[in-house]
Amino acid sequence: MFARALLISVVLLVAAGCGGGGSVSQKDIQKQFEAIQSLAAEGALVAGGAADGRTTDVFVRVHTGYLDKAARKVEGRLSSAHASGAAERDRVRAARLASSVADQLARLGEDPGDHEAAHRIQRRLERDAALAEREAG
Amino acid sequence: MSKVFQIALGILAAIGGFVDIGDLVFNVEAGATLGYQLLWVVVVGVVGIIVYSEMCGRVAAVSKRPVFDAIRERLGFGVGFGALVASQIVNLMTLAAEVGGVALALELLSGLPYRVLIVLGVAVLAVVIWVTPFEWIERIFGYGGLALLVFVVAAIKLHPDWGDVATGFVPHGTSSDKLVYAYFAVGLLGAAMTPYEVYFYSSGVVEEGWTPKDLGLNRTNAIIGYSLGGTLSLALMIGAAALFLPLGVEPQFIGTVALGAQVPLGTIGLLLALVGILFAVGGAAIDTCFSGAYNVAQFFGWEWGKGRRPSGAPRFTLAWMVLLFLALLVIMTGVDPVLVTEYAVIFSVVALPLTYIPILLVANDRAYMGQYVNGRLANALGLFYLVVILIVAVTAIPLMILTHQGQG
């Protein structure tokens with residue numbers, strides 16, 4: 001009986017450790033908001049360079065690819081987890097925000113030479129960064 | 001070649017060759033996380049590497065014995081072998097990180113697939129090591145690395161608060177998270193005093209046939225070259241503090257480092273930053289690869305030296321080839337080079353005492369050094385740094401675990 005309980009506990013712990021839908025605390029969510037803020041703010045800097053024509057298309061495409069991947073990872077981590085009480089509402093909001101940031105970054109990477117689109121994406125990412133900063137407290 | 005010209009070349013190579021992927025990652029992360037608070041640690045680290053590089057260069061020029069010779073003799077076979085294994089693990093991790101850094105810089109410049117560029121980068125490094133003379137390797141990568149001076153211009157153009165910058169040179173630590181502060185302090189010291197630099201430096205002195213007549217050149221190269229190289233580290237931290245900290249950006253990518261030059265200077269700043277990173281990291285990859293081969297060859301008493309034909313030092317040649325191949329395998333697994341860098345720097349801190357204690361012992365041995373034995377200043381500084389090294393060696397890994405690699 002004890003051995004079986006131990007085995008189940010270990011399996012659950014491993015699943016949680018692998019990001020397979022474990023529970024997240026308010027502090028974890030706050031950390032994810034900080035990560036989203038960082039990615040959005042950095043994305044806004046890249047978009048700003050693209051909007052002003054002060055960078056290279058290759059750099060924008062490759063670097064936003066890395067930022068996009070990181071934002072998707074945050075989104076995936078939050079989406080597959082669950083939280084209790086007020087933290088659950090924050091988890092959903094954080095996952096949505098991460099998804100929005102990832103979408104903007106992907107759009108920027110698809111057409112780095114479109115200055116107007118880059119300018120719009122820059123403003124959107126700046127807004128997302130500000131929102132994430134507020135949520136992170 | 002005139003002496004002055006020779007010194008100038010050496011200094012230029014040292015400036016460009018000082019910064020490697022560990023410096024790029026830790027200086028930018030420290031600036032973005034803690035602002036200017038840790039500028040003083042860079043100064044402490046640079047003085048430390050000057051003290052021990054001068055010492056091991058002097059030992060090598062006088063006794064014709066590089067660092068690992070001294071390690072085996074002073075620590076005995078057992079402990080010496082432990083030091084060899086530890087240093088080779090750190091060398092391999094560092095080499096893998098540098099190879100990944102080369103591929104990332106090439107990817108940001110060309111847009112070609114990362115894994116293709118890893119293979120291409122390793123192939124080019126192998127060809128360069130095989131065909132290019134020692135002094136030209138040093139110069140090509142050292143001068144190419146000078147493009148990193150763009151970060152000095154970028155830091156100025158970002159208009160940092162110079163009052164805050166000045167305060168950063170005085171240890172004060174206003175950070176609320178003391179552990180994160182300590183983690184970055186340890187990492188910055190490790191990045192500045194990374195052991196492969198002294199293995200490479202002392203072996204280079206023997207390879208280039210320096211004698212006691214060249215001790216002035218040794219001292220000048222160490223002091224001016226590393227000091228000016230340290231300026232690049234300071235510029236990276238100041239730029240990151242001015243640009244990334246207010247925005248809450250946590251640098252995780254090599255591209256973020258380049259962004260620090262692109263934002264204030266535009267396309268030219270970006271290209272210079274990427275080219276500088278490519279040469280600095282590429283040069284460090286070659287240094288690390290040689291260091292690993294030097295260590296194992298010197299420990300087992302094999303023929304060694306880049307100056308020899310591969311057939312004249314076959315096991316040395318095989319050693320650097322194996323190291324490069326292993327680094328290729330490690331980085332091809334898809335592991336993040338920035339993460340590998342962080343581990344490599346922290347683990348190298350643990351190996352620091354095994355490298356620096358034997359240097360200090362031999363530099364004080366009259367039987368080897370004769371009139372060139374350490375003076376009072378060299379001993380005082382050497383002992384001070386030994387204490388610092390021992391403290392950071394003990395605390396490095398616990399701090400890495402407790403702070404989740406500086407994430408708090």
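First the proteins, then the strands, lettered A, B, ... as listed; each starts at 1. The model shown is predicted, which means the values in this text are computed figures rather than measured ones. We use all heavy atoms of the structure for the numbers below, so side chains are in, but hydrogens, waters and symmetry mates are not.
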Just by distance, do the side chain of A:Ser38 and the backbone of A:Glu34 share a donor-acceptor pair under 3.5 Å? no

Are the side chain of B:Thr256 and the backbone of B:Phe253 linked by a donor-acceptor contact shorter than 3.5 Å? yes

If the plane angle is over 60° it's perpendicular, under 30° parallel, otherwise tilted; pick one for B:Phe26 and B:Phe184.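 Geometry flag for B:Phe184 against B:Phe26: perpendicular rings.
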
For chain B, the option from A:Thr56, A:Leu45, A:Val60 that forms the most heavy-atom pairs under 4.5 Å: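 When all of A:Thr56, A:Leu45, A:Val60 are compared, A:Leu45 has the most.
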
Does any heavy atom of chain B fall under 4.5 Å from the side chain of [X], the backbone, both, or neither of them?
X: A:Glu126; result: neither
X: A:Ala130; result: neither
X: A:Glu42; result: both

Against chain A, label [X] side chain, backbone, both or neither, depending on which of its atoms sit under 4.5 Å from a heavy atom there.
X: B:Ile254; answer: neither
X: B:Leu270; answer: side chain
X: B:Ile268; answer: neither

SB check A:Asp90 A:Arg93 (cutoff 4.0 Å): yes

Is A:Arg77 paired with A:Asp28 through a side-chain N to carboxylate O contact shorter than 4.0 Å?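 Result for this pair is no, no salt bridge flagged.
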
Supply the atom-to-atom distance B:Glu98 CD to B:Ile21 CD1, rounded to the nearest 0.5 angstrom. 6.0 Å

